[in-house]
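A note on names: the letters A, B, ... follow the listed sequences, proteins ahead of strands, and every chain is numbered from 1.
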Amino acid sequence: MIRIRNLAVRIGDRVIASVPELDVAAGECVAIVGESGSGKTTTLLATLGLVEGAAVSGEIRVGDVDVLTAAPADLLRIRGSRAALVMQSPQAALNPTMRLGTLMRRALARHGVKGGEARRRAEEAVAAVLLDPLILRRYPHQVSGGQAQRFAIALALALGAEVVLADEPTSALDVTVQAEVVAVLRRLRDERGLAVLLVSHDLALVSTIADRVVVMKEGAVVESGHADAVFSRPSDAYTRELIAAVPRLPGDPGERPGEEET
Amino acid sequence: MTISGPAGAPTLQPRLRRTALRGLAGMDRLATVGAVLLAIIVLAALLAPLIAPYPEDGGSATHPLEALLPPSGAHWFGTDQVGRDVLSRVLYGARTSLLIAVAVLVISGVVGVVLGVVAGYAGGWVRDVIMRITDIFLAFPALLLSLALAVVLQPSVTTVIVAISVTWWPWYARLTASVAASVATRGFVDSARCLGVPAPVIVFRHVLPNSLTPVLVQLSLDGGGVILTAAALSYLGLGAHEPTSEWGLMVQQGQSLFTTDWWVVTCPGVAILITAFAFNVLGEGLRARLAR
């Protein structure tokens with residue numbers, strides 16, 4: 001669904017993100033991990049052609065659209081309907097003056113879905129993320145962070161997005177709610193073949209959902225591979241550092257990353 | 001791990017529906033006084049033909065034999081130089097003043113907000129161009145610019161509206177631009193872009209509604225200022241003219257009589273005072289409430 005080759009994002013002479021190769025297939029979750037400033041969010045935004053004030057080179061394909069050479073109208077079309085972004089702070093991502101239902105109806109209309117079909121899709125998508133349909137009548141300040149985040153996922157589903165780009169989707173939520181959001185993403189990946197490109201610094205979270213992991217540091221990829229392999233046999237010193245930084249509780253049953261083979 | 005399904009999701013609380021009502025109830029007492037006063041003035045203006053004791057006196061009627069009668073049971077506010085009932089003229093004058101106030105606030109508000117929100121969202125050279133034009137208008141003393149325009153155009157109510165609007169919009173443009181620039185950095189603007197919403201739609205549907213609050217406060221604060229400025233232009237003979245009932249014009253016509261027939265100038269003067277006061281306290285109340 002997503003194919004990135006030799007991506008380089010530069011501001012002046014400085015490369016702020018460089019990804020030689022990254023693919024996300026349908027039904028697969030790929031996580032980009034790394035600390036703040038490592039270029040993970042930039043990579044995500046570049047995927048939708050939303051990087052501003054920087055030069056982007058290489059090849060980025062979303063479905064059959066080449067993002068870097070696509071006409072502006074095509075870019076507007078694929079944003080949302082092919083690949084949708086789920087942002088870090090869920091409530092800030094929703095216009096406070098609009099009811100969620102209005103927001104979804106307008107987003108659907110923007111992509112050519114109207115009337116009864118729009119209503120059907122909205123209700124179906126909301127049910128798919130286990131939200132009460134009444135939520136569509138509410139304003140963003142009337143819903144919890146977890147509900148808002150699941151609504152953002154529902155919005156992607158309603159628009160028919162095949163790829164969800166999730167930028168730290170759970171870091172603004174508390175732990176139990178994080179688990180709900182991840183469970184929803186995992187179920188949609190398994191049941192609907194949704195492709196998920198997840199950006200996170202939370203390795204504990206990543207280990208519960210990612211099939212493959214890309215580790216970034218200072219704009220460059222330092223390690224990538226299957227999640228199990230990366231977590232159990234990290235080859236790069238930086239990855240080992242990240243794994244060691246995951247907090248553990250005494251008596252932890254040992255499901256955290258890096259625990260398996262120690 | 002449990003996920004709260006449709007059954008477990010909390011239902012819509014009825015109290016959430018009352019937000020609009022609470023907006024009024026939460027205002028302080030002075031602001032409520034302002035709102036009530038303004039409502040009375042608006043009603044008086046709308047119903048002037050029905051409640052004015054001598055509706056024809058709002059226009060060109062003359063009753064030379066009843067000129068300059070002091071306030072009495074028949075003429076509560078007395079009569080003017082040509083025998084017209086001052087109360088009737090004050091009521092009709094409310095129509096003119098409110099019409100001017102509303103027209104100026106709508107015109108300058110729309111122009112200022114549209115330019116401001118575009119400047120604030122677009123940034124870069126677009127903002128620079130719009131803001132420099134705004135600065136040029138702000139560089140002139142407002143009343144002088146209005147006066148100059150009013151002198152060039154024919155004296156009329158329309159002239160007053162145009163002359164004041166021209167000096168009024170830059171304030172709203174500047175205010176909106178600064179608010180819109182910060183709204184443009186908020187998450188929902190990014191998420192709209194990620195959903196493929198084109199820039200014009202983002203500006204007017206997402207940035208604009210979220211930039212309006214301070215402008216609305218400023219508009220309600222400015223209502224009084226517009227009425228005062230309009231009265232000043234009419235007082236100088238550049239606005240409404242006979243036989244239109246207009247408070248500033250009435251003050252001008254009555255000023256020479258102040259020592260002998262005080263009611264001719266005092267009644268419209270007090271009407272200006274009360275209306276400007278009502279706008280101000282309402283605006284202050286809104287500001288205090290929205291700042292919380």
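- Under the side chain to side chain contact (heavy atoms under 4.5 Å, CB included) test applied with B/Cys194, the options A/Leu50, A/Val86, A/Leu165, A/Leu44 reduce to a single match, A/Leu50.
- Counting heavy-atom neighbours within 6.0 Å of A/Arg119 CZ, excluding the residue itself, gives a total of 12 or less.
- Among A/Arg110, A/His111, A/Met87, the residue with the largest count of heavy-atom pairs under 4.5 Å with chain B is A/Arg110.
- Residues B/Val201 and A/Arg106 have side chains not in contact (no heavy-atom distance under 4.5 Å, counting atoms from C-beta outward).
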Practice prompt. Take A/Asn95 and B/Arg186 through the test side chain to side chain contact (heavy atoms under 4.5 Å, CB included) and record every step on the way to the result.
Written response: CA-CA 9 Å; A/Asn95 184 336; B/Arg186 284 167 62 183; over 6 Å; no
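- Nearest heavy-atom pair, B/Gly196 versus A/Arg79, reported as atom, atom and distance to 0.1 Å: N-CB, 3.4 Å.
- For B/Val183, no part sits under 4.5 Å from any heavy atom of chain A, backbone or side chain.
- Interface remark: of the candidates A/Leu48, A/Val177, A/Thr97, A/Val126, A/Thr97 forms the most heavy-atom pairs closer than 4.5 Å to chain B.
- Atom CD in A/Gln91 sits 13.0 Å away from atom CZ in B/Phe188 (nearest 0.5 Å).
- With a 4.5 Å cut-off on non-hydrogen atoms, A/Leu155 touches chain B through its side chain but not through its backbone.
- For chain B, no part of A/Ser89 is nearby; none of its heavy atoms comes within less than 4.5 Å.
- The greatest number of non-hydrogen atom pairs below 4.5 Å with chain B, out of A/Ala84, A/Ala107, A/Pro96, A/Pro90, is found for A/Pro96.
- The distance from atom CG of B/Leu195 to atom CE of A/Met104, rounded to the nearest 0.5 Å, is 10.0 Å.
- Separation of atoms NE2 (B/His206) and CG (A/Leu94) is listed at 10.5 Å; rounding is to 0.5 Å.
- Between A/Met98 and B/Pro209 there is no side-chain heavy-atom pair separated by less than 4.5 Å.
- Only the side chain of A/Leu159 comes within contact range of chain B, judged by heavy atoms closer than 4.5 Å.
- Heavy atoms of A/Arg77 lying under 4.5 Å from chain B are absent altogether.
- Atom CG of B/Asp190 is separated from atom CG of A/Leu85 by 8.5 Å, given to the nearest 0.5 angstrom.
- When heavy atoms are compared at a cutoff of 4.5 Å, A/Ala83 approaches chain B solely by way of its backbone atoms N, CA, C and O.
- Remark: side-chain polar atoms of B/Ser191 are paired, donor with acceptor, to backbone N or O of A/Ala93 under 3.5 angstrom.
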